[in-house]
Engineer: 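Structure in C-alpha cells, see below.
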Amino acid sequence: MWLVWYGAVSPSGTYLTRITPATGKVLSYASPVPQPDGFAVRGNRAVFTRRDHNRRTVELIRAERQGTAWTVTSRHRLRVPGRAVLRCGQGRDGNLWLRTGNTWLRIEA
C-alpha cells in the first residue's frame with residue numbers, strides 16, 4: 001500500500017510512504033512531484049498527475065524508484081475530455097483512475 005502526504009514542517013515537502021500490511025514495515029521517500037492530484041505505483045514505477053487549474057489538461061509525470069530515491073523519467077501535458085478537479089486521481093493496483101468531467105481515464109504506472 002502506498003500513500004502520499006504533505007509535510008507539516010515544510011509545506012512544499014511531499015512524501016511517498018509504502019506500508020507492507022503483512023509485516024507492518026514502513027518506508028518513506030521524498031516525492032519527485034510536489035503536491036500531486038493523483039498517483040499510482042507498480043513495482044519501481046509510478047505515475048503522477050497535476051491538474052492545470054480551469055483547463056482541460058493535466059500534467060502526466062512518470063517516475064522510477066532507484067534505491068532510496070524517486071526520479072522523474074518523463075513529463076507531458078495530456079488533453080482530457082473535461083476539467084480535472086482537485087484530487088481527481090485515484091490509484092489502485094498500479095493504475096491511476098483520473099476523473100475529468102464525466103469520464104474516468106485509466107493510466108498504467
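Atom set for the values below is all heavy atoms of this structure, side chains included, hydrogens, waters and symmetry mates excluded.
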Engineer: Rounded to the nearest 0.5 Å, how far apart are CG of Asp37 and CG of Leu98?
Structural biologist: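 Rounded to the nearest 0.5 Å, the CG-CG separation comes out at 9.0 Å.
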Engineer: Under a 3.5 Å threshold, yes or no: a donor from one side chain and an acceptor from the other, between Thr14 and Trp5?
Structural biologist: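 Their side chains do not contain a donor-acceptor pair, so the 3.5 Å distance test is not met.
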Engineer: How many angstroms lie between atom CZ of Arg55 and atom CZ of Arg77, to the nearest 0.5 angstrom?
Structural biologist: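 If I round to the nearest 0.5 Å, the distance is 8.0 Å.
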Engineer: Return the minimal non-hydrogen interatomic distance between Ala40 and Gly91, and the atom names on each side.
Structural biologist: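 Looks like CB-CA, 3.9 Å.
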Engineer: Does the Arg18 side chain pair with the main chain of Leu27, one donor and one acceptor, at a distance under 3.5 Å?
Structural biologist: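 Not confirmed, Arg18 side chain does not pair with Leu27 backbone.
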Engineer: Is there side-chain contact between Leu16 and Leu3, with heavy atoms separated by less than 4.5 Å?
Structural biologist: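 Answer no - side chains too far apart.
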Engineer: Looking only at heavy atoms, what is the nearest atom pair of Trp70 and Ala30, with distance?
Structural biologist: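 Reported closest heavy-atom pair: CD1-O, 4.0 Å.
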Engineer: Output side-chain donor-acceptor pairs under 3.5 Å for residues 59-68, partner residues at least two apart or in another chain, one line each.
Structural biologist:
unit_1: Glu59; atom_1: OE2; unit_2: Arg75; atom_2: NH1; d: 3.0
unit_1: Arg62; atom_1: NH1; unit_2: Glu108; atom_2: O; d: 2.8
unit_1: Arg62; atom_1: NH2; unit_2: Glu108; atom_2: O; d: 3.3
unit_1: Arg65; atom_1: NE; unit_2: Asn44; atom_2: OD1; d: 3.3
unit_1: Arg65; atom_1: NH1; unit_2: Tyr29; atom_2: OH; d: 3.4
unit_1: Arg65; atom_1: NH2; unit_2: Asn44; atom_2: OD1; d: 2.4

Engineer: Is there a donor-acceptor pair closer than 3.5 Å between any side-chain N or O of Asn95 and the backbone N or O of Arg106?
Structural biologist: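 Looks like no, no N/O pair under 3.5 Å.
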Engineer: Under 4.5 Å between side-chain heavy atoms, hopping through other hydrophobics if needed: is there a path connecting Trp2 to Leu96?
Structural biologist: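 No, no single cluster joins them.
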Engineer: So Val33 and Phe39, side chain to side chain contact (heavy atoms under 4.5 Å, CB included) or not? Walk me through it.
Structural biologist: CA-CA 10 Å; Val33 178; Phe39 82 106; over 6 Å; no
Engineer: At their closest point, which heavy atom of Ala109 faces which heavy atom of Arg45, and how far apart are they?
Structural biologist: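 In this case the closest contact between Ala109 and Arg45 is O-NH1, 3.0 Å.
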Engineer: Do Val47 and Val58 belong together in a cluster built from hydrophobic side chains that touch within less than 4.5 Å?
Structural biologist: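 Result: yes, single cluster for both.
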Engineer: Donor-acceptor pair, Thr20 side chain versus Ala22 backbone, under 3.5 Å?
Structural biologist: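 Such a contact is absent between Thr20 side chain and Ala22 backbone.
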Engineer: Can Tyr15 be reached from Val4 by stepping across I, L, V, M, F, W or Y side chains whose heavy atoms are under 4.5 Å apart?
Structural biologist: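 Unlinked, Val4 and Tyr15 end up in two clusters.
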Engineer: Apply the hydrophobic cluster definition, ILVMFWY joined by side-chain contacts under 4.5 Å directly or through others, and give me every member besides Trp97.
Structural biologist: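 Under the 4.5 Å side-chain rule, Trp97 groups with Trp104.
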Engineer: To the closest 0.5 Å, what do you measure between CD (Gln90) and OG1 (Thr49)?
Structural biologist: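 If we round to the nearest 0.5 Å, Gln90:CD and Thr49:OG1 are 9.5 Å apart.
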Engineer: To check you understand the geometry: which heavy-atom pair defines the closest contact between Thr57 and Arg79, and what is its length?
Structural biologist: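 Of all heavy-atom pairs spanning Thr57 and Arg79, the closest is CG2-CA, 4.1 Å.
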